[in-house]
Amino acid sequence: MAPKKKKNVISAADNMQHYMKTVTVDTCIHCTQQCPRGLAYIEKMSKPGEIGYGVPCILTKGKPVQDNKAKAGKRK
């Protein structure tokens, strides 16, 4: 028999990253609850010549959306 594959354990924040809004450095600077990810992004973007594409904001995370197929299968 082949060995069983181990499940990759990911943190809750990384799991919800797809459902978070991506914010720019301007939003991170004006945020009232600055998170460590945002502070690191502000520090990175403060250097001249840096190019940034934004970071996922932990304050805007949402709930994962279920597939319509999964919902349809549960109906009776």
Side-chain angles (χ1 to χ4, degrees):
M1 292 181 78
K4 293 183 179 180
K5 293 183 180 180
K6 291 184 179 181
K7 291 184 180 180
N8 293 338
V9 179
I10 55 175
S11 69
D14 292 336
N15 188 22
M16 297 298 291
Q17 185 171 356
H18 179 70
Y19 305 103
M20 295 182 205
K21 290 182 183 176
T22 303
V23 296
T24 59
V25 71
D26 298 330
T27 307
C28 287
I29 290 171
H30 297 303
C31 184
T32 57
Q33 301 175 349
Q34 292 181 336
C35 61
R37 183 185 287 171
L39 291 173
Y41 185 62
I42 291 170
E43 185 177 330
K44 174 190 169 202
M45 293 305 295
S46 65
K47 298 174 185 172
E50 285 291 328
I51 298 174
Y53 299 101
V55 295
C57 181
I58 193 75
L59 300 174
T60 60
K61 72 178 180 180
K63 295 181 181 178
V65 180
Q66 294 179 350
D67 294 338
N68 289 335
K69 292 178 184 178
K71 288 182 181 179
K74 293 182 180 179
R75 293 182 190 162
K76 291 185 178 182

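Since the structure is predicted, the reported quantities are computational estimates derived from the model, not experimental observations.
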Would you name the heavy atoms of Cys28 and Gly38 that are closest together and state the gap between them? SG-CA, 4.0 Å
pair Val55-Thr22: side-chain heavy atoms closer than 4.5 Å: no
Please report, to 0.1 Å, the donor-acceptor pairs under 3.5 Å made by any side chain of residues 41-48, with sequence neighbours excluded.
| from | atom 1 | to | atom 2 | distance (Å) |
| --- | --- | --- | --- | --- |
| Tyr41 | OH | Gly54 | N | 2.9 |
| Ser46 | OG | Glu43 | O | 2.6 |

Name all residues meeting the side-chain contact (heavy atoms from CB on, under 4.5 Å) criterion together with Thr24; count only those two or more places apart in sequence or in a different chain, and write none if there are none. Asp26, Thr27
Within the structure provided, determine whether Ile58 and Arg37 are in side-chain contact (heavy-atom separation under 4.5 Å). no
